[in-house]
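Keep in mind that the numbers below use all heavy atoms, side chains included, and drop hydrogens, waters and symmetry copies. Below, chains carry the letters A, B, ... as their sequence lines are ordered, and counting in each starts from 1.
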Number of protein chains: 2
Amino acid sequence: MDTREKILGTATRLFSTQGFANTSLSQVAKEAQVSKALIFWHFENKEKLFRTALQRTLEPYFINVVDDLEGLSEVDQIKRLIDQYYAFVSENLYSVKFVVSLLLRDEKHPDDLIGHVNELHRVYRNLLADILDSGRQKGVFRAKMDPRMDAALIMTALHGILVQGFMGDAAPESSEPLLQHLKASLVDTLIR
Amino acid sequence: MDTREKILGTATRLFSTQGFANTSLSQVAKEAQVSKALIFWHFENKEKLFRTALQRTLEPYFINVVDDLEGLSEVDQIKRLIDQYYAFVSENLYSVKFVVSLLLRDEKHPDDLIGHVNELHRVYRNLLADILDSGRQKGVFRAKMDPRMDAALIMTALHGILVQGFMGDAAPESSEPLLQHLKASLVDTLIR
DNA sequence: GTCTATAGCCCGATAGAC
DNA sequence: GTCTATCGGGCTATAGAC
């Protein structure tokens, strides 16, 4: 593997599990099995290395989620989106933890991290709201529902599952049925 | 004010806003207006200071929530608990952020932090489940509901509001109506 | 109990040989 | 591109005067 890649991979892993301040370049160098000075050759300083690692971390966040929805009913589209959100979080738990922990810190938020995350949240919520509204107009969902609020509520519940995943290492076994219950409760109660 | 108190208060504030590694004892000493050595006289080392500060941070987490519920109907008890959870998080946002960020780190979790948080979560969820079950037996709620799962779902949604609070500084204005919608959707749909 | 002074370590970053 | 060696500085922690 490329040396730069080796450094970047190690740094991404260490930053995302230990945070920026807790991770020394000496540790990165040791675990990547290169000299410390080499890090400065490839990345100007610790800050630049961090930004590059963060960018790498955020890459999979651009997921094309819409393609999967064609041909499904509104109800199934919603359920599919919920499943996809959950699957994404499960598969990227480390980096998700990383991003959330960045949001929690006073630490200078690198560039537009917050904007990036908010944008992702907004897109997802709007997609849900559009589907809900479409279903409402077709008479699948209750007429007096509020698509935007119900979309926000679904997002909220999904974020909640996220938190549960942080807390209990007991999560893996307990959050799967919770997800099923969430889909049943939130979606099915919207059906007229 | 007592010097020890002054150090502890300053440390609690700085640790909770900047994290452990990002907060130097020099900074604590400066902001508490004492000499650095004095910190070591009162607290053996940085770790001990941190543990003491964390304990202080967790103190308000023992809230007596039950007394407020007497005389209320099951539906109103649930809604009251939801409001209390939300109010608590709003009033203790900094320390809540602190605790969550600790949960996110690989860092040695100080003592039984996770156990402590899980316990709090468990107590709260069981309380919700008991109330739901009581209401179900009285015929207030649907007979075929699952009190434990529905309690877990409510907890999940509340945790989700937490995350929203982290993300958007736009939270204060947008999470209040979301809370109302949450109560309406989750609780009222349980009513038979 | 509170201070100043300082030891000793590890950090980020640089210089320079190969 | 990769290394060793090293600098200056901030850190935790200690020593010792008052």
query: Can we say Asp133(B) and Arg136(B) salt-bridge, meaning some charged N sits less than 4.0 Å from an Asp/Glu carboxylate O?
result: yes
query: Where do Leu132(B) and Pro147(B) come nearest, in terms of heavy atoms and distance?
result: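 Reported closest heavy-atom pair: CD1-O, 3.6 Å.
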task: Determine the minimum heavy-atom distance between Ile7(B) and His42(B), stating which atoms define it.
output: CD1-CD2, 3.9 Å
Figure out the [atom1]/[atom2] separation between [X] and [N], and round it to whole Å.
{"X": "Phe43(B)", "N": "dT14(D)", "atom1": "CZ", "atom2": "P", "result": "16 Å"}
{"X": "Lys48(A)", "N": "dA13(C)", "atom1": "NZ", "atom2": "C1'", "result": "13 Å"}
{"X": "Ile39(B)", "N": "dG1(C)", "atom1": "CD1", "atom2": "P", "result": "16 Å"}
{"X": "Lys6(A)", "N": "dT2(D)", "atom1": "NZ", "atom2": "C1'", "result": "11 Å"}
{"X": "Leu14(A)", "N": "dG12(C)", "atom1": "CG", "atom2": "C1'", "result": "16 Å"}
{"X": "Trp41(A)", "N": "dG16(C)", "atom1": "CH2", "atom2": "P", "result": "16 Å"}
{"X": "Asn22(B)", "N": "dG10(D)", "atom1": "CG", "atom2": "P", "result": "16 Å"}
{"X": "Glu44(B)", "N": "dA13(D)", "atom1": "CD", "atom2": "P", "result": "9 Å"}

field: Pair Phe15(A) and Phe50(A), ring centroids less than 6.0 Å apart
entry: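 Phe15(A) vs Phe50(A): aromatic centres under 6.0 Å.
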Counting side-chain heavy atoms from CB outward, which of [options] is closest to [X]?
{"X": "Phe40(A)", "options": "dC3(C), dA13(C), dT12(D)", "result": "dA13(C)"}
{"X": "His42(A)", "options": "dT2(D), dC3(C), dA13(D)", "result": "dT2(D)"}
{"X": "Asn45(A)", "options": "dT2(C), dT2(D), dA13(C)", "result": "dA13(C)"}
{"X": "Ser35(B)", "options": "dT4(C), dG1(C), dG1(D)", "result": "dT4(C)"}
{"X": "Leu38(A)", "options": "dC3(D), dC3(C), dG12(C)", "result": "dC3(D)"}
{"X": "Lys46(A)", "options": "dC3(D), dA13(D), dA13(C)", "result": "dA13(C)"}

task: Using only side-chain N and O atoms of Ser24(A), determine if any of them is under 4.0 Å from OP1 or OP2 of dC11(C).
output: yes
message: Does dC11(D) have OP1 or OP2 under 4.0 Å away from a side-chain N or O of Ser26(B)?
response: yes
task: By nearest nucleotide on DNA chain C, pick out whichever of Ala37(A) and Gln27(A) is the more 5' one.
output: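 The 5'-side residue here is Gln27(A).
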- prompt: NA contact type, Leu25(A), heavy-atom cut-off 4.0 Å: base, sugar-phosphate, or nothing?
  reply: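 Touches sugar-phosphate only.
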task: Please state whether the rings of Tyr85(A) and Tyr124(A) are parallel, tilted or perpendicular, taking 30° and 60° as the class boundaries.
output: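 Rings of Tyr85(A) and Tyr124(A): perpendicular, as their planes differ by over 60°.
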